[in-house]
Every structure is written in C-alpha cells, then in structure tokens.
Amino acid sequence: MKYYTVYREDTEEIIAFGNAVKCAEILGLKDARQFHAFVSKTRSGLRKHYIVVVEEDNEE
C-alpha cells in the first residue's frame, strides 16, 4: 500500500497524509482517481504549489 504526504511548497506545511482515499478526502477531491491525477500533475511540475512524497509500505 502507498502512503502519501502532501506539502505546501512555499511553507513546507503538511496539508494531507495517508492513503489515496484519505488524502483525496482531506484535499476536497472527488475520489482516489482524481487524487492520483493530482499527484501525477504535481510530480511532473504542472502543479507548482505542492510537493508530494510517496512511500511504499511493504508489510503484508
């Protein structure tokens, strides 16, 4: 399972943390699919106000 941390780029304040569903809810996005699009755009540089860190949890 992947865990995400979303930061504001200017202040480095954490604004969302958790799995895709939880982060989407915190950010006011429609669903996990929309959050994944947000992550993709942020990591590619299209959204410049955020930093997204992705961590993989390998415990099963």
Could you tabulate the donor-acceptor pairs under 3.5 Å formed by side-chain atoms of residues 2-22, not counting sequence neighbours?
| residue | atom | partner | partner atom | Å |
| --- | --- | --- | --- | --- |
| Thr11 | OG1 | Glu13 | N | 3.3 |
| Asn19 | OD1 | Val21 | N | 3.2 |
| Asn19 | OD1 | Lys22 | N | 2.8 |

Walk me through whether Lys48 and Thr42 qualify under side chain to side chain contact (heavy atoms under 4.5 Å, CB included). CA-CA 7 Å; Lys48 298 185 188 285; Thr42 300; over 6 Å; no
Looking only at atom types and distance, does a side-chain atom of Ser44 sit under 3.5 Å from a main-chain N or O of Ser40, one as donor and one as acceptor?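 Yes; judged by distance alone, with no hydrogens or angles, the pair exists.
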Qualifying residues under side chain to side chain contact (heavy atoms under 4.5 Å, CB included), relative to Gln34, sequence neighbours excluded: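 Checked Gln34 against side chain to side chain contact (heavy atoms under 4.5 Å, CB included); matches are Leu29, Lys30, Asp31.
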Quick one: list whatever passes ring-ring contact (aromatic ring centres under 6.0 Å, His included) with Tyr50, sequence neighbours left out.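 With neighbours one apart ignored, the set is Phe38.
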